[in-house]
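Below is one structure, written out as structure tokens, with a few remarks after it.
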There are 2 protein chains.
Amino acid sequence: MGLPVRKNNASIPPTCPLSESMALLRGAWAPNVIWYLSAGPRRFGELRHDIPRISARVLSARLRELESRSLVTRRALDSSPPSAEYALTELGRELLPAIQALANVGEKVMARRAS
Amino acid sequence: MGLPVRKNNASIPPTCPLSESMALLRGAWAPNVIWYLSAGPRRFGELRHDIPRISARVLSARLRELESRSLVTRRALDSSPPSAEYALTELGRELLPAIQALANVGEKVMARRAS
DNA sequence: CTGAATCCAGTCGGATACTG
DNA sequence: CAGTATCCGACTGGATTCAG
């Protein structure tokens with residue numbers, strides 16, 4: 001398969017496994033979204049509250065992207081405050097070990113800095 | 001510690017372990033650089049060759065950033081083609097399990113798509 | 001509450017040319 | 001070989017506003 005030749009598209013660097021998964025996690029907030037969905041389905045507002053300082057616009061954009069990459073599913077609930085519920089797909093869950101590993105490193109770094 | 005209030009700085013989203021490590025890996029190529037350094041020290045040109053389609057400018061920028069974050073060390077060799085050797089620090093090596101996990105997912109995805 | 005639209009700034013990355 | 005300097009397009013994300 002010839003590489004898709006796109007100009008200025010940071011999302012498709014080389015064709016290697018690592019870039020493959022990095023492309024899935026595109027956007028600074030994507031990993032966080034997945035992370036906060038790992039415990040189970042969450043609603044938009046909950047996620048927004050979970051993830052400190054994320055703007056609605058970005059959260060929405062990330063969710064739509066993750067949905068388009070089949071990492072997340074969206075289920076609209078027609079309750080009477082309208083709401084939507086997001087959940088991880090199997091593929092999304094496959095990223096959890098990697099994200100967990102990243103979080104572990106971050107924790108170490110933070111702990112080290114605090115001490 | 002009050003959060004540093006910066007505008008439009010994608011590199012410091014919230015203060016959580018996950019973002020901590022994502023900040024270390026900032027830049028689409030950073031994980032690849034670390035990945036290709038995992039087997040041992042490499043020279044600039046080698047890295048450039050290892051990592052398909054990375055430009056010298058970006059590789060240079062990534063290496064300097066990774067160096068400033070203490071993930072990578074740079075050692076100038078005054079041989080007579082001048083050369084430089086880059087290597088992972090301990091901190092850099094700590095990211096390897098996470099990067100490995102990401103690569104594993106990418107591999108799975110690629111294999112699945114190929115079949 | 002959900003989430004799309006607009007406006008705007010900062011950053012990343014590619015191409016190219018050039019220095020030591 | 002190892003970088004740096006420009007120029008430039010693209011994308012991300014923040015703030016605000018608005019609609020269903």
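A, B, ... follow the sequence lines: proteins, then strands. Residue 1 opens every chain. No experiment lies behind these values; they were computed from the predicted model shown.
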Rounded to whole Å, how long is the line connecting atom [atom1] of [X] with atom [atom2] of [N]?
X	N	atom1	atom2	value
A/R26	C/dT11	CZ	C1'	13 Å
A/L63	D/dG13	CG	C1'	15 Å
B/R75	D/dC1	CZ	P	19 Å
A/R74	C/dC1	CZ	P	15 Å
A/M22	C/dG13	CE	C1'	15 Å
B/R53	C/dG13	CZ	P	13 Å
B/L25	C/dC12	CG	P	13 Å
B/E65	D/dG3	CD	C1'	16 Å

Under 3.5 Å: donor-acceptor pair, side chain of A/T73, backbone of A/T89: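 Side chain of A/T73 to backbone of A/T89: no pair is present.
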[X] side chain near [N] phosphate (N/O to OP1/OP2, under 4.0 Å):
X	N	result
A/S60	C/dG3	no
A/W29	D/dC11	no
B/R64	D/dT4	yes
A/R48	C/dC1	no
B/R43	D/dA2	yes

Earlier contact from the 5' end, DNA chain D, for A/R62 and A/P82: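 Comparing both residues, the 5'-ward one is A/R62.
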For the student: nearest non-hydrogen atoms of A/P31 and A/L25, plus distance: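 Nearest heavy atoms, A/P31 then A/L25: CD-O, 4.0 Å.
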Pair [X] + [Y], salt bridge at N-O below 4.0 Å:
X	Y	answer
B/R43	B/E85	no
A/E20	B/K108	no
B/R62	B/E65	yes

5' precedence on DNA chain C between A/R57 and A/A84 (nearest-nucleotide basis):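 Between the two, 5'-proximity favours A/A84.
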